[in-house]
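Labels below follow one simple rule: chain letters A, B, ... track the order of the sequence lines, proteins then strands, and each chain is numbered from 1. Only heavy atoms go into these numbers, but all of them, side chains included; no hydrogens, no water, no symmetry mates.
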Number of protein chains: 2
Amino acid sequence: MPTISKEDYLKSIYTLNLQDDKAVSTSNLAAKLEISNAAISEMSKKLYDLGLISYEKYKGVELTKEGKRIALKILRRHRLWELFMIKVLNLNWDEVHDEAEKLEHHTSDFLIDKIDEYLGFPEFDPHGAPIPSKDGVLPEMPKLIPLNNCEIGRKYQVLRVVDSPSELISYLGRIGMNIHSNIEVVEKLSFDNSIIVMLDNVNHSLSEKVVDKIFVKEIEED
Amino acid sequence: MPTISKEDYLKSIYTLNLQDDKAVSTSNLAAKLEISNAAISEMSKKLYDLGLISYEKYKGVELTKEGKRIALKILRRHRLWELFMIKVLNLNWDEVHDEAEKLEHHTSDFLIDKIDEYLGFPEFDPHGAPIPSKDGVLPEMPKLIPLNNCEIGRKYQVLRVVDSPSELISYLGRIGMNIHSNIEVVEKLSFDNSIIVMLDNVNHSLSEKVVDKIFVKEIEED
DNA sequence: TTTGATTTTTAAGCATGCTTAAATATTATA
DNA sequence: TATAATATTTAAGCATGCTTAAAAATCAAA
């Protein structure tokens, strides 16, 4: 198994690669991991030699099959720990991320499988993020629509809030917006790309930054 | 907070110092931590500079007040994690030690206090080891008598089985010897220092190695 | 109490993973 | 398309925490 640093690299490459499906650039990775570009370059060579990423100088990196397998393993541990702390220990969502960030590197397969079992083999965490199974398989995911692509007057169901600062997380909690909340897009303000949505008959203005984190699906009305 | 290695040093110094109340020698520490004497010497200097141990060359080390505070903190984390995995996740005693050995270095005060609360602020783990409180205080401990100091024909209650290989742990489990079991010393065989005890009306022979791990208290018969 | 064995320390070296500064490649712009 | 700006890589250096080998101190036994 790779070191903690290597696990973090692989996880970050995975999540950055999900956002846009291209090779991940050195500087993007450096920003995400909050370390220097130089350190990324060095590590890229090492991970390439280990067969965990593909890497061409100046062209960014992508996970190999084995690299992805490990990234999903870390993601599994992270999300299961988060869910466990929330469900069992009654921590708040914004309290668990940093803890999980540490525990994910120090949990055996044996232990995480026990936690998985205890939780009843959940497929999604409380923010809609999919949890890889023991075998590294992601659950079937409905097609996610970015909230900023939605049409005015239409109703949607919130399916996913991607990893966000804990401030945003607790804000959304306060206004009652959770996974599976139903919302209606009331207005889209193009001058600042904010969106006004109706939730439980109350209007809320969501800034561009917030909107970018939220993904929904259409609700079939019949 | 110190590094993982430093936490391990402090914990080991604490437990070795409990066994005999003298300064802990370089080679004893090296054996316990399974690293070279040279590494111990180096680290001793560093921990001394940090004010966590007292250290005179060639004379071994002892914890300062602050060093002991940290050692107890790690011990608290270790024992609470073990108990948690056993009670909540249904792991066996011999499965939890290695996991706890890792988790103890990556658990915030906040999280371990939540676990403590979940468990109802336990004072002892399943082998009778005391769990330091949030404030670093050990619970009141009855005076422990080593099993090999016991008298034939007398009845005792098992109070503590000190850290042992998982084989021994599962053996004791199988014969039904747990914390608070009542036993009677039937015979002491001086040629191999083994002891025969009666437990639930069945005699069991315990080798010297086993006997050394078990501590009891007298049962008042009236 | 002196010599020989044992323990401890010092010294040199290595791997990991970071840093900053300089060199080099890529890209964007005029 | 040449040049300037940006991105990336290389190089040198540092901290941590280990190793082995050699030197030095302590302990034990004759």
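- What separates CE of A:Met43 from P of C:dT19 is a distance of 11 Å, to the nearest Å.
- Among the protein residues, B:Lys59 comes within range of no part of the nucleic acid, since none of its heavy atoms lies under 4.0 Å from any strand.
- The main-chain N or O of B:His127 is found under 3.5 Å from a side-chain atom of B:Asp125 such that the two form a donor-acceptor pair.
- The side chain of B:Asn37 lies closest to C:dT9, out of C:dT9, D:dT19, D:dT10.
- B:Ser27 comes within 4.0 angstrom of sugar-phosphate atoms only, judged by non-hydrogen atoms across all strands, and of no base.
- With D:dT8, C:dT20, D:dA24 as the choices, the nucleotide that has an atom nearest any side-chain atom of B:Tyr58 turns out to be D:dA24.
- Within the structure, every side-chain polar atom (N or O) of A:Ser36 is placed at least 4.0 Å from both OP1 and OP2 of C:dC18.
- Nearest to the side-chain atoms of A:Ile35 among the listed nucleotides C:dG17, C:dA25, C:dT19 stands C:dT19.
- B:Lys45 comes within contact range of the sugar-phosphate backbone alone, with a heavy-atom separation under 4.0 Å but no base atom that close.
- Distance from the side chain of A:Ser41 is smallest for D:dT10 among the nucleotides D:dT16, D:dT10, C:dT10.
- Following rounding to the nearest Å, A:Leu50 (CG) and C:dG17 (C1') show an atom-to-atom distance of 14 Å.
- Among C:dG17, C:dT9, C:dC18, the nucleotide with an atom closest to any side-chain atom of A:Tyr9 is C:dC18.
- Distance from the side chain of A:Ala38 is smallest for D:dA11 among the nucleotides C:dA25, D:dA11, D:dC18.
- Protein atom CG of B:Asp49 is 13 Å distant from nucleotide atom P of D:dG17, rounded to whole Å.
- Nucleic acid contact class of A:Ser5 (heavy atoms, under 4.0 Å, all strands): sugar-phosphate only.
- The nearest whole Å value for the distance from the CD1 atom in A:Ile40 to the P atom in C:dC18 is 8 Å.
- Between A:Thr3 and the phosphate of C:dG17, there is a side-chain N or O to OP1/OP2 separation shorter than 4.0 Å.
- Heavy atoms only, all atoms of each residue included: B:Leu72 and B:Pro132 are closest at O-CG, 3.4 Å.
- What separates NZ of B:Lys46 from P of C:dT10 is a distance of 13 Å, to the nearest Å.
- Mapping A:Ile4 and B:Asn28 onto DNA chain C by nearest heavy atom places B:Asn28 at the nucleotide closer to the 5' end.
- One can place CG of B:Leu47 at 12 Å from P of D:dT16, the figure rounded to the nearest angstrom.
- Contact check, B:Lys6 against D:dG17: a side-chain N or O comes under 4.0 Å of OP1 or OP2.
- Considering every non-hydrogen atom in both A:Asp8 and A:Leu33, the closest pair reads O-CD2, 3.9 Å.
- Across the protein-nucleic acid pair, A:Leu29 atom CG and C:dC18 atom C1' stand 15 Å apart, rounded to whole Å.
- The CD atom of A:Glu42 sits 8 Å away from the C1' atom of C:dC18 (whole-angstrom rounding).
- Residue A:Leu10 is tested with A:Ile74, A:Thr15, A:Ile53 for a side chain to side chain contact (heavy atoms under 4.5 Å, CB included); the sole match is A:Ile53.
- Taking the six-membered ring where tryptophan is involved, the planes of A:Tyr48 and A:Tyr55 are perpendicular, since the angle between them exceeds 60° and thus also 30°.
- A side chain to side chain contact (heavy atoms under 4.5 Å, CB included) with A:His78 is found for one member of A:Glu101, A:Lys73, A:Lys102 and no other, namely A:Glu101.
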